[in-house]
Structures are given as structure tokens and as C-alpha cells.
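Computed from a predicted structure; not experimentally measured.
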Amino acid sequence: QVQLVESGGGLVQPGGTLKLSCAASGFPFSNYVMSWYRRAPGKERDMVASVHTGGATNYADSVKGRFTISRDNVKNTVYLQMNSLKPEDTAVYYCYAWPTYWGQGTQVTVSS
């Protein structure tokens, strides 16, 4: 049974940090490109960051220099370190194993 379980979301003040985790099981994790997407209220779901099987990374322009994606192929986990958070980062964050599997999402709220 495939599972992608996100954790680490919550409420944080502007300028704060959060680290999201996505624990994967039920498929060959190391063979998949892993990504984080987010859906802000009233908006489409957008790609935030991706990490390829070889470790190469891609970021949305809006998060470059603030967010870092990484993966641990032993723990079958992908991470998103989020620094210097802004109110516009408020969204539900989803883990995605391209092209097939989605997590259930975790809420991130940036507010004072």
C-alpha cells in the first residue's frame, strides 16, 4: 500500500522557519522524483521544489534562496526546510512522487 505522510506544518510568525517531512512507503522511493507542491486559498496548486533521483533540485522563483528540498533514500523521506517565511507562503503543502502519488497535505500558516 502506497503512503506519503506529511508532517511538520503549523502556525509560524513572518520571518520564522518550519521543516516539513514526507515519509514514503509502498513504492521504490529512490527511483522517483520527489516534489513539494502547495495550494494557497483560492489558487491553483503550484510546484514549490523538486529533487531528482540523482539529487538535482529545482525551485519556484518565489522560494529560491529561502527553501531547501532534500531527500534521504535510506529513510525514504523527503524534506522541505523553509526559512524566512512570509504570509504569502500560507498554503496546504503536498508531497508528490512524480508522476503518480500524492500525500494528503499539511497546513502551513504564516501570520503574526
Side-chain angles (χ1 to χ4, degrees):
Q1 179 181 358
V2 171
Q3 284 192 308
L4 290 172
V5 180
E6 299 103 332
S7 61
L11 173 64
V12 63
Q13 292 187 343
T17 65
L18 280 175
K19 186 173 185 178
L20 305 182
S21 300
C22 172
S25 60
F27 65 98
F29 177 83
S30 62
N31 293 348
Y32 278 70
V33 176
M34 298 300 300
S35 301
W36 287 96
Y37 278 68
R38 67 186 180 187
R39 178 177 283 154
K43 295 188 177 181
E44 298 291 319
R45 185 157 56 182
D46 293 324
M47 193 278 288
V48 175
S50 292
V51 57
H52 292 251
T53 56
T57 56
N58 299 93
Y59 296 93
D61 287 343
S62 59
V63 307
K64 281 181 181 176
R66 300 188 299 122
F67 291 11
T68 303
I69 189 171
S70 61
R71 67 190 298 159
D72 185 329
N73 289 337
V74 174
K75 295 182 178 180
N76 287 355
T77 301
V78 60
Y79 304 97
L80 186 68
Q81 176 68 46
M82 304 187 293
N83 300 331
S84 303
L85 282 160
K86 304 175 180 180
E88 51 264 43
D89 295 317
T90 295
V92 178
Y93 284 71
Y94 298 90
C95 180
Y96 176 48
W98 182 88
T100 314
Y101 306 120
W102 288 94
Q104 81 287 351
T106 186
Q107 177 70 47
V108 171
T109 302
V110 185
S111 175
S112 55

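- Remark: aromatic rings of Y37 and Y94 are distant, center separation not under 6.0 Å.
- For the residue pair T90 / E88, no side-chain donor-acceptor distance below 3.5 Å is found, with atom types taken as modelled.
- Annotation: the span from D46 atom CG to S62 atom OG amounts to 8.0 Å, rounded to 0.5 Å.
- With contacts defined as side-chain heavy-atom distances shorter than 4.5 Å, the pair Y93/V48 qualifies.
- Between F27 and T100 the shortest side-chain heavy-atom distance does not fall below 4.5 Å.
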Start with the C-alpha distance between D89 and K86, add both sets of side-chain angles, then the distance that settles salt bridge (charged side-chain N to carboxylate O under 4.0 Å, His left out), and finish with yes or no. CA-CA 5 Å; D89 295 317; K86 304 175 180 180; over 6 Å; no
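- Looking only at distances, no side-chain donor or acceptor of R45 sits under 3.5 Å from a matching main-chain atom of R38.
- Looking at heavy atoms from C-beta onward, L85 lies in side-chain contact with L18 at the 4.5 angstrom threshold.
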ring-ring contact (aromatic ring centres under 6.0 Å, His included) between Y59 and F67, intermediate numbers included: CA-CA 8 Å; Y59 296 93; F67 291 11; 8.3 Å; no
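- Residues meeting the side chain to side chain donor-acceptor pair (under 3.5 Å) test with S35, sequence neighbours left out: S50.
- Linking Ile, Leu, Val, Met, Phe, Trp and Tyr residues whenever their side-chain heavy atoms come within less than 4.5 Å leaves V78 and V92 in two separate clusters.
- Clustering ILVMFWY residues whenever any of their side-chain heavy atoms sit less than 4.5 angstrom apart, transitively, puts Y101 in a cluster other than the one holding V33.
- Between I69 and M82, the closest side-chain pair of non-hydrogen atoms is not below 4.5 Å.
- The two residues C95 and E6 make their nearest non-hydrogen contact at N-OE2, 2.8 Å.
- Of the possible donor and acceptor atoms, none in the side chain of Q13 sits under 3.5 Å from a partner among the backbone N and O of S112.
- No side-chain heavy atom of K75 sits under 4.5 Å from any side-chain heavy atom of S21.
- Taking 4.5 Å as the limit, every side-chain heavy atom of T106 sits out of range of all side-chain heavy atoms of S7.
- Residues Y96 and W102 bring their aromatic ring centres within 6.0 Å.
- Within the 4.5 Å cutoff, side-chain heavy atoms of T109 are placed close to those of Q107.
- A 4.5 Å side-chain heavy-atom check between W98 and Y32 finds every atom pair outside the cut-off.
- Under a cutoff of 6.0 Å and an axis angle of 45°, R71 and F29 form a cation-pi pair.
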